[in-house]
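Reading through the structure tokens given below for one structure.
Chain A is the first sequence line, chain B the second, and so forth, proteins listed ahead of strands; every chain is numbered from 1.
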Amino acid sequence: MTYLLTRVGQTLLTLWLILTLTFVGINLAGDPISLLVSDSATSQERLALEQSLGLDAAPLERYGRYLIGVLEGNLGKSFVFDRPALPLLLERLPITLLLVAVSLTLSLLIGVPLGVIAAARHGARLERAILTGSAVAVSAPTFFIGIVLIFVFAVQWRVLPSQGASDWTHFILPALTLSIPRVALFTRYIRAGLLEVLPEDFIRTARAKGLPSGAILYGHALRNALLPFITILGLQLGSLLSGTVISETLFALPGINRLALEGLTRLDYPLILAYTLISSGTVLGLNLLTDALYGLVDPRVRYA
Amino acid sequence: MKAWWGLAAIALLAVFAPLFTPDPRAQDLGSALLPPLSSLTHLLGTDALGRDVLSLTLHGLRVSLLVGIASSLIGAGIGIPLGLLAGYSGGWLERLVMRAVDVGLSLPGMLVALVVLALWGTGLDKLIVVLGLTSWAGFARLARAGALSQRSLEHVLAAQALGAGMRLIIVRHVLPGIMGALIVKFTLEIPANMLSEAALSFLGLGTGVDTPSLGSSIALGYGRLYSGQWWLSLLPGAALTLLVLSINACGEALRVQLDPRQRHAARDE
């Protein structure tokens, strides 16, 4: 319990650190006013805009206002879209989360069995084929995987749509794009974990008492190999979230990252801050969850 | 061994590309959008501005190599000393460094780089620095774990007993014992940073317009995928995949070589 509380405290501290760094970075970065007004604007017009956006206050005062805003869930209006930044991003979140959830499910459903098969056929040609495939998939850039999929399924065969999000078929290629590298990773980790467990005595015992090999692999061995895998999974969620940036751009999915990218290139401070808060908050929260899950799965790590 | 030959071939082609390929920025609108193998002077075809795809690809590989190696050097240069110091000396320094490592590891590096580059502006130098700064934590964690395991070994204790200073002990007695793991980590960090560079350039927040990066070439070529000019995006993408694959394979080979436990396992197979 103490451990978890410390971790929660750490997470909040990290979040505060990130928000402060982003604020400092934004204030060092440049002047959004010049991006928002036309070149012919008078200095009065510039000043008026500065005041209406609250940019005329001293940096420390703005920092204080900003932190209070974070606690109240109010991060100011997006300069570009003239709407409160946080709800603007949050209403795009479901599409991104759906993409992450489908990709992760796909990766697990394909990756874990492939890893078990590779370990069960240790030394066979099938194992080498699986490992070669996964080495290639891990090495290819995510956006390149997406482009190859688009080329095959949307340009050559014309069986799947590649742009937009009007129905569920639009999610197939983006989710596959994000899944393929992770299928490869999961396969490798599960295989390596199993190969470490399989020579142990309790596996020999299970075999000796006549259990079918499927039950040994999935029931006894996999359970023990899953433990280090949970950490990997937690870290992968973070990289999956980064991957959605690519996937949303490539497939024109109206998720949170596409909007954020637009805000980023136009120095839309409230939008950038809200995006930082949402994305880093999600990643940190997921890491925390992973640690808590660790204790649930393995009684040995239950925290004193 | 095959991986090393593959890597050497790709790296040599990339490094010496300026000697045998035309300027990748040279435009020739008269011979735009030539498909691969249709002309002897443009073996891999040309893009919409008539630029040579082979040259763009090889020069892009140079940028990938440069960014991958330089940013990993920065990450290792910050992370390894901090990790060694933390692991060897312990105490408040260790706690401080490890908290920072936790923060560093829990941040999604790509998203951080995205925000920083958007605010700071793009460019090869900035990209290298940002990628280096997002990769120090992994090195620090590995070095600290290594230093911890070496600290109580007899040869280190003997050096302490003889009155050797901390710097000497860390450099001469602790570091050699964990060098293998660090080299493997370094080798695998290079392709990871290459992929980040390509992704950022693909999103338009990478090397900037003046430097022909594979990511930006692929982004440009992607726009012409639907009209049938597949070579503009698929060829540079395949080249980058090949480079990353060969470095990854070398890293794995190194890991097996340098880890005695795995060396036995490899022999058993």
Side-chain angles (χ1 to χ4, degrees), chain A residues 7 10-11 13-14 17-18 21-22 25-26 28-30 122-123 135-148 150-151 154-156 162-163 195 234-235 237-243 245-246 249-250 257 260-261 263-267 272 275-276 279-280 282-284 286-288, chain B residues 3 64 99-100 102-122 191-192 194-205 214-215 218-219 221-222 225-228 230 233-234 236-249 252 265 268-269:
Chain A
R7 287 284 290 114
Q10 255 175 44
T11 304
L13 195 71
T14 309
L17 202 70
I18 293 168
L21 284 177
T22 319
I26 280 178
L28 291 177
H122 187 45
V136 176
V138 168
S139 303
T142 309
F143 58 90
F144 181 57
I145 295 176
I147 289 177
V148 172
I150 290 176
F151 181 65
V155 179
Q156 293 295 95
S162 69
Q163 301 289 303
L195 286 185
L235 289 174
L237 281 169
S239 93
L240 199 55
L241 229 57
S242 320
V245 184
I246 297 285
T249 311
L250 206 53
N257 298 294
L261 259 184
L264 276 172
T265 44
R266 295 166 74 174
L267 291 184
I272 299 176
Y275 178 62
T276 316
S279 57
S280 54
T282 316
V283 173
L284 291 175
L286 287 172
N287 285 341
L288 196 61
Chain B
S64 292
R99 279 299 82 80
D102 283 344
V103 174
L105 286 179
S106 64
L107 291 177
M110 250 283 288
L111 296 184
V112 174
L114 208 63
V115 173
V116 173
L117 288 168
L119 294 175
W120 196 16
T122 55
M194 284 177 175
L195 288 180
S196 301
E197 181 273 324
L200 288 165
S201 295
F202 180 75
L203 293 172
L205 284 167
L214 289 174
I218 295 168
Y222 171 56
L225 190 63
Y226 296 92
S227 49
W230 53 271
S233 51
L234 294 189
L240 180 58
T241 306
L242 219 58
L243 176 62
V244 170
L245 182 65
S246 64
I247 304 181
N248 273 336
E252 289 302 323
D268 290 344
E269 276 175 20

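For the pair B:L205/A:L261, a side-chain contact is recorded, criterion being any heavy-atom separation below 4.5 Å from C-beta on.
Of the atoms belonging to A:Q156, not a single heavy atom falls under 4.5 Å from chain B. For A:V155, the part sitting under 4.5 Å from any heavy atom of chain B is the side chain, from C-beta outward, and nothing else.
Top candidate by heavy-atom pairs under 4.5 Å with chain A, chosen from B:V244, B:L243, B:V116, is B:V244. Per-residue counts of heavy-atom pairs under 4.5 Å with chain A were compared for B:L225, B:N248, B:L114; the largest is that of B:L225. In terms of heavy-atom pairs under 4.5 angstrom with chain B, the leader among A:A260, A:G243, A:S242, A:S239 is A:S242. Contact count versus chain B (heavy atoms, under 4.5 Å) is highest, among A:I150, A:T249, A:T142, for A:I150. Ranked by heavy-atom pairs under 4.5 Å with chain B, the list A:I147, A:L241, A:T14, A:T11 is led by A:I147. With respect to chain A, the highest number of heavy-atom pairs below 4.5 Å among B:A249, B:G228, B:A238, B:S246 belongs to B:A238. Between chain A and the options B:R99, B:M110, B:M194, the largest number of non-hydrogen pairs under 4.5 Å is found for B:R99.
Taking the six-membered ring where the residue is Trp, B:W230 and A:F151 present tilted rings, their angle falling between 30° and 60°.
A:P141 approaches B:L240 most closely through the heavy-atom pair CG-CD2, 3.5 Å. Among all heavy-atom pairs drawn from A:S139 and B:T241, the shortest one is CB-O, 3.9 Å. Taking each heavy atom of A:S279 and B:L111 in turn, the nearest pair found is CB-CD1, 3.8 Å. B:L195 approaches A:V138 most closely through the heavy-atom pair CD1-O, 4.1 Å. The shortest heavy-atom contact between A:A135 and B:L245 is O-CD1, 3.3 Å.
Remark: A:S162 engages B:Y226 in a side chain to side chain donor-acceptor pair (under 3.5 Å) (not counting sequence neighbours). In terms of the side chain to side chain contact (heavy atoms under 4.5 Å, CB included) criterion, residue partners of A:S280 (sequence neighbours excluded) are, by chain and number, A:L15, A:I18, A:T276.
Distance check: B:L119 CG to A:L264 CG gives 7.0 Å after rounding to the nearest 0.5 Å. With rounding to the nearest 0.5 Å, the separation of CD1 in A:I246 from CG in B:L200 is 7.5 Å. Atom OG of B:S201 is separated from atom CZ of A:F143 by 8.0 Å, given to the nearest 0.5 angstrom.
Side chain of B:Y222 to backbone of A:L250: a donor-acceptor contact under 3.5 angstrom is found.
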